[in-house]
Amino acid sequence: MNTYAAIESEEQQKRRWLIELEFVQCLSNPNYLNFLAQRGYFKDPSFINYLKYLQYWKEPEYAKYLMYPMCLYFLDLLQYEHFRREIVNSQCCKFIDEQAILQWQHYTRKRIKMMNSVGENAAAAAALQQSNGGIPVPSQEAATATGTEAANPQQQQQQQQTSALPTSALQNGAANVTQTQVSGGQQQQTTQRDQAQTASAQQQQINGLAAPGSMKLD
């Protein structure tokens, strides 16, 4: 509190609080901002300091009394010289006003619809719980997980049997698989070697048969 507020009576402080509450909510109207800008209020240093002082309305203990919280957004914009200079333009003011109306028409409507839907779902769940004798209704995620588990009992049984096997049995099984892979590789190499030898012998026979035919008679 400043020195002036310290010497105010309780009635004067209450009146000043109500006046500041009304004024700060008027800042949510772009047309009112345009009105102030055209009359040069935003060029007055004392008025700019007053706008800085009004930022205490952003505190939760004061903001809860605001019916138009958008005024706090415009209060922040008014701290910048560029915005105070541009809001004097009627076209700029009209554009901001149109965007604010669209915000109220669409976003607020969607939010109210969403909140009503959440309330209806909660009421339906409570009514269903009461009809079930107080047994809580499982959520959709829990019901989906339960259905998946019931649909795959064999897979679960196989996983449990696998997890129940001792570590030594799993290691032996892995060793057997590795030994089988090594034996198969050696057998394949032997087969390839035999095929190469057979092809070489056949080539030698062909060369032996072709040699006499290539001799010339004198």
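- At a threshold of 4.5 Å between non-hydrogen side-chain atoms, the residues Asp44 and Tyr41 do not count as touching.
- Not one N or O on the side chain of Gln25 forms a donor-acceptor pair closer than 3.5 Å with the backbone of Leu66.
- Note: Phe23 and Tyr50 meet the aromatic proximity criterion, with ring centroids under 6.0 Å apart.
- For the pair Lys94/Glu98, a side-chain contact is recorded, criterion being any heavy-atom separation below 4.5 Å from C-beta on.
- Tyr56 and Leu78 fall within a single hydrophobic cluster, where Ile, Leu, Val, Met, Phe, Trp and Tyr are joined by side-chain heavy atoms under 4.5 Å apart, directly or via other members.
- To the nearest 0.5 angstrom, Glu81 atom CD is 10.5 Å from Lys43 atom NZ.
- Across all non-hydrogen atoms, the minimal contact from Tyr65 to Leu21 is O-CD1, 4.0 Å.
- Between Ser28 and Tyr68 the shortest heavy-atom distance is OG-CB, 3.9 Å.
- In this structure, the side chain of Gln12 engages the main chain of Ser9 through a donor-acceptor pair within 3.5 Å.
- Here the closest heavy-atom approach between residue Leu75 and residue Gln55 is recorded as CD2-CA, 3.9 Å.
- A salt bridge links Arg16 with Glu20: the closest approach of a Lys/Arg side-chain nitrogen to an acidic carboxylate oxygen falls below 4.0 angstrom.
- At most 12 non-hydrogen atoms from other residues, nucleotides or ligands lie less than 6.0 angstrom from CD of Glu22.
- The environment of CE in Met114 is crowded: more than 12 heavy-atom neighbours from other residues, nucleotides or ligands sit within 6.0 Å.
- Separation of atoms CG (Leu77) and CD (Glu86) is listed at 12.0 Å; rounding is to 0.5 Å.
- By the neighbour-count criterion of 12 heavy atoms within 6.0 Å, atom CZ of Arg15 is sparsely surrounded, having that number or fewer from other residues, nucleotides or ligands.
- In the hydrophobic clustering of this structure, Phe35 does not group with Val88; members are Ile, Leu, Val, Met, Phe, Trp, Tyr whose side-chain heavy atoms approach within less than 4.5 Å, directly or through other members.
- Tracing side-chain contacts under 4.5 Å through hydrophobic residues (I, L, V, M, F, W, Y), one reaches Leu18 starting from Trp57; they form part of the same cluster.
- When the shell of 6.0 Å around CD of Gln99 is examined, it contains more than 12 heavy atoms from other residues, nucleotides or ligands.
- Taking CG from Asn29 and CG from Leu36, the interatomic distance works out to 10.0 Å, rounded to the nearest 0.5 Å.
- The side-chain heavy atoms of Phe42 and Ile48, taken from C-beta on, include no pair separated by under 4.5 Å.
- Side-chain atoms of Ile96 and Phe74, non-hydrogen and from C-beta on, do get closer than 4.5 Å to each other.
- Nearest heavy atom pair, residue Ala37 against residue Arg84, reads CB-O, 4.4 Å.
- In this structure, CD on Gln38 lies 9.0 Å from CG on Asn89, to the nearest 0.5 angstrom.
- With hydrogens and angles disregarded, a donor-acceptor distance shorter than 3.5 Å links the side chain of Asn34 to the backbone of Ile87.
- More than 12 heavy atoms of other shown residues, nucleotides or ligands fall within 6.0 angstrom of atom OH in Tyr32.
- Here the CG atom belonging to Asp76 is positioned 10.0 Å from the SG atom belonging to Cys71, to the nearest 0.5 angstrom.
- Leu51 approaches Gln79 most closely through the heavy-atom pair O-NE2, 3.3 Å.
- Contact record, Pro30 with Cys93: O-SG, 3.3 Å, taken as the closest heavy-atom pair.
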